[in-house]
Amino acid sequence: MAILRPLTKAQYEVSFTALGGPTFTAVFTKFSGIKDTAETSKYANGTGNRIYHVVGPRTADDITLTAPYDPSIFKPLEQFWNAYNCEKITVTVTPRSCDGQDSGPGGGAYILYECLLTSITTAEVARDSGDVQTIEVTMTVNYWERN
């Protein structure tokens with residue numbers, strides 16, 4: 001019998017690469033995850049009292065990437081956003097071992113293709129707070145795979 005050995009959420013490395021323009025790569029500490037759903041519909045066949053279901057096209061929900069904000073690392077991302085003109089983005093989510101060095105069990109990364117930036121949240125100010133500043137980007141996903 002197989003023994004289940006799940007990964008923790010912290011055992012993933014998330015990287016972001018802009019294609020078709022300036023290249024920016026950074027590691028993010030939070031990723032909202034992939035939610036891929038299909039449209040569904042119901043119909044009655046006209047006889048009896050049974051309702052049937054059909055499944056239609058699929059779509060992936062928007063994703064969010066978050067990281068602690070380091071001005072020297074994320075200034076290029078802010079500049080990329082200011083000059084953004086619908087360049088496609090690739091996001092790679094790689095499982096890692098507990099020590100963060102090697103590929104995690106099962107290997108393979110999730111690769112999200114043709115993502116388009118939709119928002120950025122940065123430069124939040126709270127003079128009475130000791131919380132870590134973060135940067136957050138939201139983007140669409142056209143398709144994804146696990147390699």
Side-chain angles (χ1 to χ4, degrees), residues 1-45 50-126 129 131-147:
M1 184 167 115
I3 297 173
L4 182 63
R5 291 187 172 89
L7 297 176
T8 66
K9 289 182 181 181
Q11 285 180 252
Y12 288 89
E13 179 181 276
V14 181
S15 61
F16 158 112
T17 304
L19 302 174
T23 299
F24 173 78
T25 302
V27 174
F28 288 79
T29 55
K30 286 189 181 178
F31 169 60
S32 61
I34 302 166
K35 183 175 181 184
D36 196 341
T37 57
E39 294 289 324
T40 61
S41 186
K42 297 178 185 179
Y43 71 95
N45 70 353
R50 172 66 90 193
I51 300 293
Y52 296 90
H53 299 266
V54 293
V55 176
R58 292 186 344 209
T59 186
D61 287 357
D62 289 357
I63 62 162
T64 302
L65 299 171
T66 308
Y69 180 73
D70 180 320
S72 61
I73 293 173
F74 288 102
K75 182 179 179 182
L77 176 58
E78 294 165 329
Q79 291 171 328
F80 178 77
W81 170 257
N82 285 329
Y84 184 63
N85 196 20
C86 298
E87 292 89 2
K88 306 279 196 247
I89 309 298
T90 299
V91 175
T92 305
V93 182
T94 307
R96 293 290 180 208
S97 60
C98 285
D99 62 8
Q101 302 302 313
D102 302 314
S103 289
Y110 292 94
I111 304 172
L112 290 68
Y113 297 102
E114 294 187 3
C115 302
L116 296 169
L117 287 176
T118 58
S119 73
I120 187 170
T121 304
T122 189
E124 178 183 354
V125 177
S129 174
D131 293 344
V132 172
Q133 172 68 42
T134 60
I135 187 166
E136 179 180 279
V137 292
T138 303
M139 57 190 76
T140 65
V141 176
N142 278 332
Y143 62 99
W144 62 275
E145 69 178 358
R146 177 142 188 232
N147 66 1

**Q.** Nearest atoms (heavy-atom pairs only) where A38 meets R58
**A.** CB-CG, 3.7 Å
(Q) What I'd like to find out is whether the side chain of E87 reaches to under 4.5 Å of the side chain of N85, using heavy atoms alone. (A) yes
Q) Within a strict 4.5 Å, meaning less than it, do heavy atoms of the N142 and Y113 side chains meet? A) no
Q: Evaluate the side-chain proximity of I120 to Y84: yes if any heavy-atom separation is below 4.5 Å, no if none is.
A: no
Q.
For a quick test of reading the model, state the closest non-hydrogen atom pair linking V91 to C115 and the distance between them.
A. CG2-SG, 4.3 Å
Q | Spatial distance of atom SG (C86) from atom CG (L117) [nearest 0.5 Å] | A | 9.0 Å
Q: Mind checking the CD-OG1 spacing from Q133 to T122? Nearest 0.5 Å is all I need.
A: 5.5 Å
Q. Is there side-chain contact between W81 and I135, with heavy atoms separated by less than 4.5 Å?
A. no
Q) Could you give the distance from NZ (K75) to OH (Y69), rounded to the nearest 0.5 Å? A) 9.0 Å
Q. Taking all atoms of both residues into account, what is the closest heavy-atom pair of V141 and A60, and its distance?
A. O-CB, 3.9 Å
Q) Passes side chain to side chain contact (heavy atoms under 4.5 Å, CB included), T17 versus T92? Steps please. A) CA-CA 8 Å; T17 304; T92 305; 5.8 Å; no
Q | Gap separating the CE atom of M139 from the CD1 atom of I63, nearest 0.5 angstrom | A | 5.0 Å
Q.
Using side-chain heavy atoms (C-beta onward) and a distance below 4.5 Å, is T134 in contact with K30?
A. no
Q.
Are there over 12 heavy-atom neighbours, none belonging to E39, within less than 6.0 Å of that residue's CD?
A. no
Q. Centres of the F74 and F28 rings: under 6.0 Å?
A. yes
**Q.** CD on E136 to OG1 on T64, rounded to 0.5 Å
**A.** 5.0 Å
Q: Quick one: pull up CZ in F31 and OH in Y110 and give me the separation to the nearest 0.5 Å.
A: 9.5 Å
Q.
So L112 and I34, do their side chains get closer than 4.5 Å, heavy atoms only?
A. yes
Q: Kindly indicate whether the side chain of V137, heavy atoms from C-beta on, has any atom under 4.5 Å from the side chain of L77.
A: yes
Q: Flag yes if more than 12 heavy atoms outside E124 fall under 6.0 Å of its CD atom; otherwise flag no.
A: no
Q) Are any of the side-chain heavy atoms of I51 and K42 separated by less than 4.5 Å? A) yes
